[in-house]
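Inspection log for the structure reproduced underneath, given as structure tokens.
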Amino acid sequence: MENLKGLKEHLEENKMEFIFKNISHSYWFVIILAHIIWSQNTTDRAKPVPVLSDKHVLASYFPPVENHAPLNDRWREAGPPFMRTFTSEDYGDYYQFWKIARDDRTGLMYFLSQGVLLEYDGVTWREVTKKMSWNSQSLATDSTGRLWCASIHQVGFLEPDSTGFLKFQSLVQHIPAAIKDSTKLWKIAMTSRYVYFQSGRFLLRWSKNAHTMKSWRSATGFGIPHTMDDTFYIREKGVGLMRVDGDQLRVLPGSAHLSKMVISDIIPFSGSYDKPNNDRTTSRSHHSLLILTRTHGMFIYERGRFYTFNTEADVYLKQNRLECGAVLPDKSLALGTIHGGLMILSPEGKLRNILTKSEGLNDNTVYDILYDNRNGLWLALNKGIMRLEYPGPFSHFTEPAALKSSVNAIVRHKGKLYATTTDGVYTLEQSPRPGFPPVFRAISGLKAQTGRLLSAGGRLLIGSNKGVDELIPEDERTSAKEVRKVAQTGTPGCLVQSRLDSERVYVGLNNGVALLHLQSGKWQYTGSFAVGNDWIEGIAEENNKTLWLTTRDGVVYKITAPSLQPSTLLNKENILIQRFSKSNNLPPICVNPLIYKNKILFTTTKGIRYFDSPTQTFQIDSSLTELFADTSWYFNWIKLNFDQKGRIWTTRKDNIGLASRNAQGRYTWDETPFKYLSDLGGTWTFCIDPDYPGV
């Protein structure tokens with residue numbers, strides 16, 4: 001009866017729903033939008049650059065921040081972090097995981113599932129213990145890397161044998177005989193000198209040095225044990241929060257209100273909070289604790305006093321039953337729940353993110369959390385194991401974010417992000433559910449295959465298969481329609497604002513160029529002129545008399561006129577059109593123009609080139625950097641861009657990367673941080689975000 005009673009009390013204490021179901025796989029159509037922050041040093045943080053990669057995934061990129069600087073408000077636009085889900089295909093026929101441990105010396109990870117312990121070295125999974133007669137419930141590693149286990153019928157540790165494989169060493173023989181048969185050991189906590197094992201009615205302490213076992217018995221029952229700053233804490237029902245002092249369990253003054261609450265976890269606290277007006281204690285000490293309760297919120301223990309930690313997520317946490325927590329490098333809090341997935345709070349308790357199955361979690365029940373010091377947040381779930389990069393470099397938007405088709409372009413206009421897709425234009429807005437990732441809302445009035453975007457003259461121009469439209473500013477709208485037609489030109493290959501006249505825009509077409517002019521604050525169609533039968537996807541003004549047009553098929557046009565005024569360009573008799581292609585030493589595909597120090601250059605699939613007028617050919621150019629003066633350098637159709645720090649963003653084949661100057665003044669290339677995008681199919685387009693200088 002004592003055994004059954006202890007089991008019943010444990011289940012009531014932990015409220016674990018042992019749901020054994022097969023893991024189902026959901027295949028989402030995913031799109032990627034990225035904000036790129038990159039810097040060469042720790043003191044000069046760069047700002048975001050939106051990047052669009054692969055028509056299947058829309059992601060946000062923030063590089064790892066050294067010194068664990070706090071995340072900024074840009075994360076309000078971030079989607080869920082990039083996640084990796086491990087399933088039975090990786091580690092075998094196990095699906096419900098309860099605990100995670102890590103050997104900080106070797107980096108090996110350990111996961112406890114249904115009485116089986118799995119080891120992961122970053123590549124290979126290994127089953128450390130075959131199915132045994134004991135059902136292990138908890139594990140932990142100490143500073144030496146020794147792995148300790150607690151189970152229904154066993155307690156002990158794992159250490160390598162002569163072959164290097166871990167073998168279980170039982171300590172059950174050290175448990176006092178009077179309580180051995182009635183002890184069901186569920187949880188572990190440890191200090192530098194002791195290992196504590198907890199059951200419903202008993203607490204055991206193993207001395208690592210003396211190899212002796214001490215026990216305590218509670219008439220009412222113990223809660224889950226915890227250690228913080230080498231001090232052991234445990235709640236005793238009807239008494240309060242206890243602390244071990246020598247061989248004595250002493251109740252912390254003022255903790256009686258916790259005696260009837262289930263304390264699910266205790267973690268360090270270094271945030272800020274509002275104290276009562278009559279509290280004149282000094283600022284927090286090094287030993288501040290955050291006490292997580294299952295259904296009553298969180299409390300701070302500081303300098304011998306308890307305070308309620310009021311957050312923006314209190315209602316959600318109480319409704320979804322708080323189970324576990326971890327402190328992230330920027331001091332924010334990762335909180336796992338039984339019913340509501342994972343929640344991220346700022347150090348001050350502001351709601352930052354909520355992640356559930358809708359945002360990509362494999363399950364909404366999070367039993368344990370562990371941070372691996374490499375921007376990796378590991379989750380032990382009711383169904384499987386996941387690793388989230390948080391705070392990590394990437395986030396992504398999936399189908400629930402409302403983007404259900406291919407993304408073609410993205411731009412920031414008047415503080416908002418806009419994306420074009422094959423079924424219309426979308427803008428990124430905050431989710432109506434606080435804490436959940438932002439969502440994309442469809443712009444009304446344009447049901448078309450949209451492509452190019454241009455923010456110019458205080459207006460947003462949109463290219464689609466129905467021509468060019470303009471977003472109507474909110475203060476000018478007289479109906480629900482948000483766009484107006486500017487020109488029915490056919491599908492634009494590009495929209496380019498003149499660098500000589502900001503009130504002029506060139507529109508590349510499949511048979512020429514159209515001109516738009518800003519009149520009375522609105523863009524108006526001026527006219528068009530024909531240029532062969534090639535689709536114009538790049539336009540650049542070399543000077544006030546020379547206009548260059550490029551195509552994805554490797555054809556380049558040079559337009560020479562007395563001036564580039566619309567009246568001159570539209571009078572075809574006054575302009576000279578020259579066509580260049582493979583015979584002029586041009587690669588057959590992907591040519592784009594750029595202006596560098598008032599010089600016209602061309603990115604090609606065989607390096608950067610310039611036009612040599614005497615020979616009428618395109619030759620390799622090294623004036624920008626010798627890095628790109630190489631015929632093996634493959635620029636695809638994505639344009640090269642400079643950020644405000646003079647760094648160069650471009651692609652090599654399908655891999656986006658960054659070229660920046662080293663200490664010797666030479667440019668070096670780095671595409672390593674963007675391998676995610678390559679794995680997803682490569683980068684399709686990107687743009688520098690003008691609202692955030694310093695990229």
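Predicted model only: the values in this text are computed from it and were never measured.
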Distance-only check: which donor-acceptor pairs under 3.5 Å involve side-chain atoms of residues 586-598, not counting sequence neighbours?
residue: Asn592; atom: ND2; partner: Trp637; partner atom: O; Å: 2.7
residue: Asn598; atom: OD1; partner: Arg499; partner atom: NH1; Å: 3.4

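Within the 4.5 Å cutoff, no side-chain heavy atoms of Pro434 are placed close to those of Glu312. Leu361 places a side-chain heavy atom less than 4.5 Å from the side chain of Leu342. Between Gln616 and Gln578, some side-chain heavy-atom pair lies under the 4.5 Å cut-off.
Using a 3.5 Å distance cut-off with no hydrogens or angles, the side chains of Asp612 and Thr615 do pair a donor with an acceptor. At a cut-off of 3.5 Å, with distance as the only test, no side-chain donor of Gln497 or Ser502 sits close to an acceptor on the other residue.
The side-chain hydrogen bond (donor to acceptor under 3.5 Å, both in side chains) check on Arg484 picks up Glu470, with sequence neighbours excluded. In terms of the ring-ring contact (aromatic ring centres under 6.0 Å, His included) criterion, residue partners of Trp669 (sequence neighbours excluded) are, by chain and number, Trp633. Looking at residues two or more places apart in sequence or on another chain, you find no ring-ring contact (aromatic ring centres under 6.0 Å, His included) involving Tyr506. When the side-chain hydrogen bond (donor to acceptor under 3.5 Å, both in side chains) test is applied to Ser563, the partners found at least two apart in sequence or on another chain are Thr568. Evaluation of the ring-ring contact (aromatic ring centres under 6.0 Å, His included) rule for Phe529 yields no partner, not counting sequence neighbours. For Phe436, there are no ring-ring contact (aromatic ring centres under 6.0 Å, His included) partners, not counting sequence neighbours.
Between Arg433 and Glu359 there is a salt bridge, since at least one side-chain N of the basic residue sits less than 4.0 Å from a carboxylate O of the acidic one.
Separation of the Phe635 and Phe628 ring centroids falls under the 6.0 Å cut-off. Remark: aromatic rings of Phe602 and Phe618 are close, center separation under 6.0 Å.
Taking a 6.0 Å sphere around CD of Glu476, one finds it holds more than 12 heavy atoms contributed by other residues, nucleotides or ligands. Residue Lys447 places its NZ atom among 12 or fewer non-hydrogen atoms of other residues, nucleotides or ligands, all under 6.0 Å distant.
Residue pairs that meet the salt bridge (charged side-chain N to carboxylate O under 4.0 Å, His left out) test with at least one member in residues 624-640, sequence neighbours left out, are Glu626-Arg666. Residue pairs that meet the salt bridge (charged side-chain N to carboxylate O under 4.0 Å, His left out) test with at least one member in residues 527-536, sequence neighbours left out, are Asp534-Arg579. Sorted by first and then second residue, the salt bridge (charged side-chain N to carboxylate O under 4.0 Å, His left out) pairs with a member in residues 550-559 read Glu537-Arg552; sequence neighbours excluded. Here side-chain hydrogen bond (donor to acceptor under 3.5 Å, both in side chains) pairs that include residues 514-525, with residues two or more places apart or in two chains, are Tyr525-Ser528. Residue pairs meeting the salt bridge (charged side-chain N to carboxylate O under 4.0 Å, His left out) criterion with at least one member in residues 598-608, sequence neighbours excluded: Lys599-Asp621.
When all heavy atoms are compared, the tightest approach of Pro492 to Val468 is CG-CG2, 3.9 Å.
Put simply, the side chain of Thr422 never gets that close to the backbone of Gln449: no donor and acceptor are under 3.5 Å apart.
For the side chain to side chain contact (heavy atoms under 4.5 Å, CB included) with Leu461, the qualifying choice from Leu453, Leu495, Asp469 is Leu495, the only one to do so.
For the atom pair Ile443 CD1 and Ile462 CD1, the distance stands at 7.0 Å (nearest 0.5 Å).
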